Amino acid sequence: MATDLPAEQELVILGTGLQEAIIAAACSRIGQRVLHVDKRMYYGGNWASFSFSGLLSWIEECNGQTSSSLETVNLQCKILEGEDTILLDQVDQSIENLEVFCYVSAEEDAEEAADVQMKQANGTSSAESENKVLNQSEESPSYKTAPSDDVESPTQCSDVQLSTKDAPSASSSTTSEMDVDKKEIPITAASDDGNEANNAEKPNITFATQKVKEEMKKMTYSQIMKNGRKFNIDLTSKFLYSRGPLVDLLIKSNVSRYTEFKNVTRILTCQGGKVEQVPCSRADVFASKQLTVVEKRMLMKFLTFSLEYEQHTDEFQGFQDKAFSEYLKTKKLTENLQYFILHSIAMVSDTASTTEGFKATQHFLQCLGRYGNTPFLFPLYGVGEIPQCFCRMSAVFGGTYCLRHSVQCLVVDRETGRCKAVIDSIGNRITCEHFIVEDSYLPQKHTKNIQYRQISRGVLITNGSVFKSDSEQISILTVPAMEQGRPSVRIIELCPSSMTCPQGTYLVHLTCPSSGTAKEDFEAVVTALFVNYNETEEMTCSDEEDEKPKVLWALYFNVRDSSAIDRSAYEGLPSNVYICSGPDPALGFEHSVKQAEAIFKQLFPEEEFCPPAPNPEEIIYDSDGTQQGDAGFGSSTKTEESVKESINENAEPIGGGDKVIETTQSLDMNEMNQESEMTNPDAQTLKCSTSETNT
Amino acid sequence: MAGPGGNKEYLFKVLVIGELGVGKTSIIKRYVHQLFSQNYRATIGVDFALKVINWDPTTLIRLQLWDIAGQERFGNMTRVYYKEAVGVFIVFDLTRSSTFDAILKWKNDLDSKVKLPNGNPVPAVLLANKCDQKQEAMAHNHSEMDQYCKENGFVGWFETSAKEDENIEEAARFLVGNILASDHLPTTEDTDIDKLKLEEETMRAESKSQCC
């Protein structure tokens with residue numbers, strides 16, 4: 001099928017991880033011929049997202065049960081005099097210590113599973129209709145389309161819930177200032193309310209518990225399998241900082257049109273085994289019931305200071321290079337607050353310097369409020385969408401894509417020492433100016449002096465949230481080291497409306513820099529926050545155990561972290577071979593965007609990095625096809641105008657109403673705040689390119 | 001979003017797939033822009049084309065026709081391409097039987113990558129393009145083609161010519177009719193309550209002064 005690959009390229013890119021995808025898009029966009037291949041049959045490499053069955057295949061592949069190795073062809077006939085070869089690795093060694101645990105019954109209960117599925121398909125399960133009754137007092141239009149925790153929601157008894165009731169959907173930052181004021185005054189009364197709520201809901205709990213148990217019986221492995229298509233399980237778990245470089249790049253390049261995001265709705269903290277919500281916006285702080293009035297003032301004062309800490313360096317003179325955690329102790333903050341700031345807001349380690357701590361706190365605060373009441377966004381359908389968005393952009397601009405296809409060796413010119421061609425997995429010789437490759441494809445010969453770090457990853461499918469709420473939430477929870485020598489663990493919990501797991505389940509991603517195997521690194525945290533689902537104990541479990549979500553299925557693995565490796569550490573590679581690292585352990589995407597842009601700038605120092613792609617509706621096909629546009633489209637002014645007119649009359653600006661496009665709008669709109677302005681930059685871009693064409 | 005006077009408004013994402021050079025882009029051009037070009041050019045820089053249809057006096061349909069980027073020809077399209085599609089044209093070239101043989105490959109690939117929210121396959125219409133070149137066209141008879149569609153899960157088929165503007169309008173109306181008849185109707189108004197709401201909140205959050 002891939003025998004007719006073009007034999008001459010400017011760039012050959014091996015690996016479809018995020019950096020490679022961004023570079024591919026950036027290079028195609030400026031008219032470079034790009035061949036982008038990946039030896040796997042899916043996009044993203046270690047950035048991929050999988051359905052449940054897709055994940056099982058990936059696990060098998062990692063365990064070597066299915067061979068992914070591609071047949072190789074005799075190379076000698078392809079190599080000319082004066083040329084050397086560098087063989088690439090066809091066996092991926094970036095994943096280790098893979099362990100899978102299944103806690104649900106593997107027995108098939110076809111009738112029940114089918115029943116559940118049917119209910120879900122019709123969207124009219126009895127649980128849901130009950131749920132509607134229970135919640136009818138709430139203004140929650142989201143229930144119409146997202147009858148999420150129909151089981152869990154009645155078990156709510158947390159006091160924080162009261163504060164979120166005003167804004168049951170994605171964002172509680174919209175709680176108006178008025179509400180905040182109302183809440184602020186009777187602080188003590190509020191905590192009494194909390195107790196009352198606890199008491200008042202007790203009858204409810206028993207009722208709900210019964211229901212939970214009924215539902216539980218239906219939770220089988222086959223049910224997970226049957227809903228497997230609804231999972232999008234990320235190998236790399238991250239959030240976008242709403243003012244981070246990836247958001248900027250998505251908007252700038254118009255790649256944002258390919259995907260949609262959800263606000264991350266909660267930042268959680270875990271102290272003494274108890275999970276709480278961290279107040280981080282002004283509204284949250286004042287609405288918080290965990291904080292005393294005094295604490296609220298302290299926290300606000302500190303956060304305000306952090307926003308402009310650079311102007312007040314004298315305030316932390318002598319602490320710049322000392323630990324942030326030590327500095328916080330000197331600031332008359334309660335232990336509670338120190339904990340919030342260090343672990344949930346700055347999210348830095350105990351040993352991070354004060355300057356690092358302030359920088360992180362400031363970044364966090366600056367990102368608040370751009371799209372929601374936390375600083376973070378999550379891509380619908382998972383992180384694995386992001387590299388694919390850039391690949392689509394590259395393909396739209398002429399990039400050639402071929403999966404399940406690899407490069408078996410590089411051809412190096414002995415005289416110049418440069419890589420002049422590659423030989424692909426079926427023996428095609430393809431010339432190229434530059435070769436870009438992801439670290440894990442490199443053979444040991446070139447990496448033998450490199451000490452790779454590791455990232456520990458855990459994926460849990462659970463039956464409920466670690467912090468129950470009456471609406472679906474996307475949460476992040478940082479748990480500091482529970483044992484000596486273990487790193488702190490980042491937990492991202494995804495709900496069904498993030499399009500990553502089916503109704504009735506939650507998807508929990510654990511990430512930390514490895515100190516041992518992933519299972520070892522996460523054992524204490526998982527034990528503290530979850531219980532393993534166990535059918536036989538269902539009937540006898542205590543109330544306390546009932547509170548914790550149950551793990552239905554779990555996966556642990558370690559993945560290579562090549563993000564800190566300098567290019568010079570790789571030995572014996574031609575200078576026109578560029579190396580992208582695999583995923584890094586940080587929460588955001590800063591490393592990837594930075595690396596991709598740096599490589600692009602090395603390749604094409606004069607060119608703009610990812611200029612905006614014209615909007616599809618602004619592109620006009622020419623009638624005779626004789627003009628050669630720079631991006632392949634010419635224009636005939638008359639048609640252009642008439643079509644534009646019809647677009648403006650009949651359609652929303654930029655294809656409004658479309659889900660895919662809407663994202664562009666939502667991202668753009670916030671940037672520009674006006675719909676009408678939005679079409680202009682693109683129209684201008686188009687005009688520029690077309691006028692060039694005509695001259 | 002809502003049309004005036006409570007009119008219905010839909011946005012449908014429709015994929016146009018098939019082998020290299022069967023006329024996918026020509027069909028889209030003809031349908032959306034009433035243009036036809038003899039000169040072949042791989043599709044570059046174009047995500048999709050938009051056609052606005054006044055289906056009936058109270059229904060407005062925006063049809064987004066997604067071309068496969070010319071270079072994604074090995075069938076390795078990203079999920080971005082497939083996701084949330086509600087209808088498909090699979091195109092082959094009547095003058096090249098190899099493009100007919102590839103139909104099932106595309107159809108199977110499609111069905112494995114995207115389904116309607118209710119789990120049903122996305123309605124697909126088969127287009128036998130370049131019917132203007134009859135003298136070179138493969139022999140086929142109508143009842144056989146009907147049978148083929150039935151067996152392979154196509155809702156229907158049309159002989160089309162982008163060059164002569166034959167049957168393209170008809171095929172599009174047929175597909176839209178099928179989409180409207182399926183029980184999943186993504187209107188711009190109600191599919192997305194969650195996200196529209198999110199956007200509004202987003203706006204409000206934005207207009208508010210930053211925290212702290």
Side-chain angles (χ1 to χ4, degrees), chain A residues 1-2 43 121 141-142 144-146 169-171 173-174 258 260 262-263 281-282 300 303-304 307 365 368-373 381 385 388-389 391-392 395-403 497 614 616-617 619 621 623-625 631-633 639 643 650-651 655 657-660 662 666 670, chain B residues 1 9 11 13 25 29 32-33 35-39 41-50 52 60 62 64 68-81 83-84 115 118-119 186 188 190-199 201-212:
Chain A
M1 194 174 173
Y43 281 96
S142 63
K144 189 176 163 195
T145 49
S169 71
S171 158
S173 77
T174 53
Y258 295 132
E260 286 180 295
K262 281 230 151 190
N263 276 311
S281 70
R282 178 195 290 270
M300 287 306 299
L303 296 181
T304 310
L307 260 178
L365 296 170
L368 283 175
R370 185 180 194 182
Y371 298 113
N373 70 328
Y381 301 101
E385 288 294 286
Q388 294 194 55
C389 291
C391 289
R392 167 77 187 172
V396 164
F397 283 91
T400 304
Y401 276 78
C402 203
L403 299 178
S497 67
E617 282 129 52
I619 295 171
Y621 295 89
S623 49
D624 54 12
F633 51 87
T639 345
V643 174
N650 297 328
D658 171 53
K659 284 179 160 190
V660 181
E662 208 116 80
S666 61
N670 290 290
Chain B
M1 283 294 160
E9 214 178 287
L11 188 129
K13 174 175 175 178
T25 308
K29 276 188 184 180
V32 177
H33 306 294
L35 296 171
F36 179 79
S37 165
Q38 286 284 7
N39 300 17
R41 207 161 58 212
T43 315
I44 288 179
V46 184
D47 260 328
F48 59 80
L50 185 80
V52 180
L60 184 80
R62 287 210 209 94
Q64 250 185 12
I68 63 174
Q71 303 297 307
E72 287 172 309
R73 60 173 182 270
F74 301 112
N76 303 135
M77 278 89 81
T78 55
R79 252 181 57 92
V80 173
Y81 179 75
K83 73 177 168 193
E84 289 157 3
K115 285 191 165 66
N118 62 13
T188 47
D190 62 19
T191 40
D192 238 356
I193 274 183
D194 246 358
K195 285 160 218 158
L196 281 177
K197 202 162 162 283
L198 187 74
E199 204 177 316
E201 280 169 2
T202 300
M203 301 289 282
R204 268 185 282 158
E206 172 72 1
S207 61
K208 247 177 60 174
S209 66
Q210 262 200 22
C211 120
C212 319

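We name chains A, B, ... by the order of the sequence lines, and we start the count at 1 in each one. The basis for the numbers below is simple: all heavy atoms, side chains too, and nothing from hydrogens, waters or symmetry mates. These numbers come from a predicted model, not from an experiment.
The OG1 atom of B:Thr78 sits 10.0 Å away from the CG atom of A:Leu403 when rounded to the nearest 0.5 Å. Distance check, rounded to the nearest 0.5 Å: NZ of B:Lys83 to CD of A:Glu260 gives 7.0 Å.
Considering every non-hydrogen atom in both A:Glu385 and B:Arg79, the closest pair reads OE2-NE, 2.7 Å. Minimum interatomic distance between B:Met77 and A:Tyr43 (heavy atoms only, all atoms of both residues): O-CE1, 3.7 Å.
Proximity of a side-chain donor or acceptor of A:Tyr381 to a complementary backbone N or O of B:Val80 within less than 3.5 Å is not detected.
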